[in-house]
Amino acid sequence: RSHSQLLAERVLADYLEMPDRNRTLADIPAVVSAAAEGRVHRLCIREGTEVAGGDGEGLVNAAVVETIRAGGEVFVLPEDKIPATQPLAAILRY
């Protein structure tokens, strides 16, 4: 577990330090859309985050499922590592 936690923190650091901000997303609907298009390479999620979609499906869950479906990686970080106001951090493939 500690290895995966360190890896998740490195991925979040990569997101924060990425010079090409066009390859990052934090807006939840935009992340879900990019994940559905297969564009999300790595997704960091704040532990315990749930955001209901218009049809009742959790948007965070949709982002996770679509990211994994397209071969992306998903990392869950403790609440103290990602602010509640921005619970998702995505690094895009393109």
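Values in this document were obtained by computation on a predicted structure and should not be read as measured data. Counting begins at 1 with the first residue of the sequence. Values reported hereafter were calculated over all heavy atoms of this structure, with side chains retained and with hydrogens, waters and symmetry mates removed.
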Checklist entry - Could you walk me through whether Leu77 and Ile45 pass the side-chain contact (heavy atoms from CB on, under 4.5 Å) check? => result CA-CA 6 Å; Leu77 289 140; Ile45 300 171; over 6 Å; no
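Closest approach of Tyr15 to Gln86, counting heavy atoms only: OH-NE2, 3.6 Å. Nearest approach of Ala36 to Arg69, heavy atoms of both residues: O-NH2, 3.3 Å. Nearest heavy-atom pair, Leu25 versus Ala30, reported as atom, atom and distance to 0.1 Å: CD1-O, 3.6 Å. The heavy-atom pair separating Ala35 from Thr67 by the smallest distance is CB-OG1, 3.6 Å.
Among residues two or more places apart in sequence or in another chain, the salt bridge (charged side-chain N to carboxylate O under 4.0 Å, His left out) test is passed with Glu9 by Lys81.
Here CD1 of Ile28 is found 7.0 Å from CG of Leu59. Values are rounded to the nearest 0.5 Å. Once rounded to the nearest 0.5 Å, the distance linking CG of Leu12 with CD1 of Ile91 reads 8.5 Å. One distance of note links CG of Leu43 with CD of Glu66; it measures 11.5 Å at 0.5 Å rounding.
Linking ILVMFWY residues whenever their side-chain heavy atoms come closer than 4.5 Å, directly or via other members, leaves Val40 and Val65 in distinct clusters. Hydrophobic clustering places Val74 together with Leu88 (ILVMFWY residues linked when any side-chain heavy atoms are closer than 4.5 Å, directly or through intermediates).
Two residues are said to be in side-chain contact when any heavy atoms from C-beta on lie closer than 4.5 Å; Phe75 and Leu7 meet this criterion. The side-chain heavy atoms of Ile82 and Cys44, taken from C-beta on, include a pair separated by under 4.5 Å. For the pair Ile68 and Val64, the minimum side-chain heavy-atom distance is below 4.5 Å.
Counting only distance, with no hydrogens or angles, the side chain of Arg23 and the backbone of Leu92 share a donor-acceptor pair below 3.5 Å.
The stretch residues 32-49 participates, sequence neighbours left out, in these side-chain hydrogen bond (donor to acceptor under 3.5 Å, both in side chains) pairs: Arg42-Glu73.
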